[in-house]
Asker: 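A single structure is presented below for examination.
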Amino acid sequence: MPRAGYFISVEGIDGCGKTTQIRLLVERLAAMGLPTLLAQEPGGTAIGRRIRSVLLDARNHGIEPMTELLLFFASRAQNVAEVIRPALDAGQVVVCDRFTDASVAYQGYGRGLGSAAVQQLSEVACGDLQPDLTLWLDIEPAAALARVGERESGRSAGRDRMESEALEFFLRVRDGYAQMHADQPQRIRRVVAEGSVSEVFGRVLAAALPALSERGLVARSD
Ligand code: TMP
């Protein structure tokens, strides 16, 4: 039985422009009259925000890949139970800034833990919950890292622990997203993230609105 709400996740490597596009998407869906909730990973709950700060603190050099994976899932399990499932049960459209696909891409491919381990944990932590639609904002890792560099110059804290990884890491993460997209093209839509904010947003809508209209959530003319 299809659930009451609709679950969208937005993914991509650091510097792909995800935060801006998610804000625009949430605003647009709300303006169309859809009850929309923004969720975030890691984070999204009080406990999740504490886990997020451990994960992203650049001083935490000694975090093992498996510890990292478990912490992302600890944050996710809390987020699912406290925020995401209740919102979906209440019929809301949940737009989540990353979900399990990020763990497959970053820890499975980036850290080399493999996707099978991530999938096993996903079943334990989240049951059968997966997004109805995933928008993968795809960009060349070198261009994305240049954006991370520009962003860094505007803030005092410098790069976080994940952003500090080398280009090779992000090449593997991107390969992970590309492989998932090839395996599940219906659920995971590739959105070219190069170009202006409004160009990319046009592509985001072109990917999201037909899927929402298929579920009867927006009119076809939208
Ligand atoms: P954010 O910057 O998009 O909020 O995500 C924080 C960082 O955490 C980003 O570098 C991606 C990374 N990440 C993982 O490595 N695995 C995960 O499961 C999630 C959700 C994020």
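Just follow the structure's listing: the first ligand is 1, and inside any ligand the first atom is 1.
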Asker: Present, as a list of atom pairs with distances to 0.1 Å, all nitrogen or oxygen contacts under 3.5 Å between ligand 1 and the protein.
Answerer:
| unit_1 | atom_1 | unit_2 | atom_2 | d |
| --- | --- | --- | --- | --- |
| ligand 1 | 3 (O) | Lys18 | NZ | 2.8 |
| ligand 1 | 3 (O) | Arg98 | NE | 2.7 |
| ligand 1 | 3 (O) | Arg98 | NH2 | 3.3 |
| ligand 1 | 4 (O) | Arg52 | NH1 | 3.0 |
| ligand 1 | 4 (O) | Arg52 | NH2 | 3.0 |
| ligand 1 | 5 (O) | Arg98 | NE | 3.2 |
| ligand 1 | 10 (O) | Asp14 | OD1 | 2.9 |
| ligand 1 | 10 (O) | Asp14 | OD2 | 2.9 |
| ligand 1 | 15 (O) | Gln107 | NE2 | 2.9 |
| ligand 1 | 16 (N) | Gln107 | OE1 | 2.9 |
| ligand 1 | 18 (O) | Arg76 | NH2 | 3.0 |
| ligand 1 | 18 (O) | Ser103 | N | 3.3 |
| ligand 1 | 18 (O) | Ser103 | OG | 2.6 |

Asker: Is it true that the side chains of Gln179 and Asp183 contain a donor and an acceptor less than 3.5 Å apart?
Answerer: yes

Asker: Which label fits Trp136 and His181: parallel for a plane angle under 30°, tilted from 30 to 60°, or perpendicular past 60°?
Answerer: tilted

Asker: Could you tell me which residues satisfy side chain to side chain contact (heavy atoms under 4.5 Å, CB included) with Ala207, sequence neighbours excluded, listed by chain and number?
Answerer: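 Side chain to side chain contact (heavy atoms under 4.5 Å, CB included) list for Ala207, sorted by chain: Leu135, Arg189, Val191.
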
Asker: Output all residues satisfying side-chain hydrogen bond (donor to acceptor under 3.5 Å, both in side chains) with Thr100, sequence neighbours left out; order by chain, then residue number.
Answerer: none

Asker: Give a yes-or-no answer on whether the side chains of Thr134 and Arg187 include a donor-acceptor pair shorter than 3.5 Å.
Answerer: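 On atom types as modelled, these side chains qualify, holding a pair under 3.5 Å.
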
Asker: Just distance, no hydrogens or angles: give the donor-acceptor pairs under 3.5 Å from side chains in residues 31-46, sequence neighbours left out.
Answerer:
| unit_1 | atom_1 | unit_2 | atom_2 | d |
| --- | --- | --- | --- | --- |
| Thr36 | OG1 | Leu34 | O | 2.9 |
| Glu41 | OE1 | Arg76 | NE | 2.5 |
| Glu41 | OE1 | Arg76 | NH2 | 3.0 |
| Glu41 | OE2 | Asn79 | ND2 | 3.3 |
| Thr45 | OG1 | Gly48 | N | 2.8 |

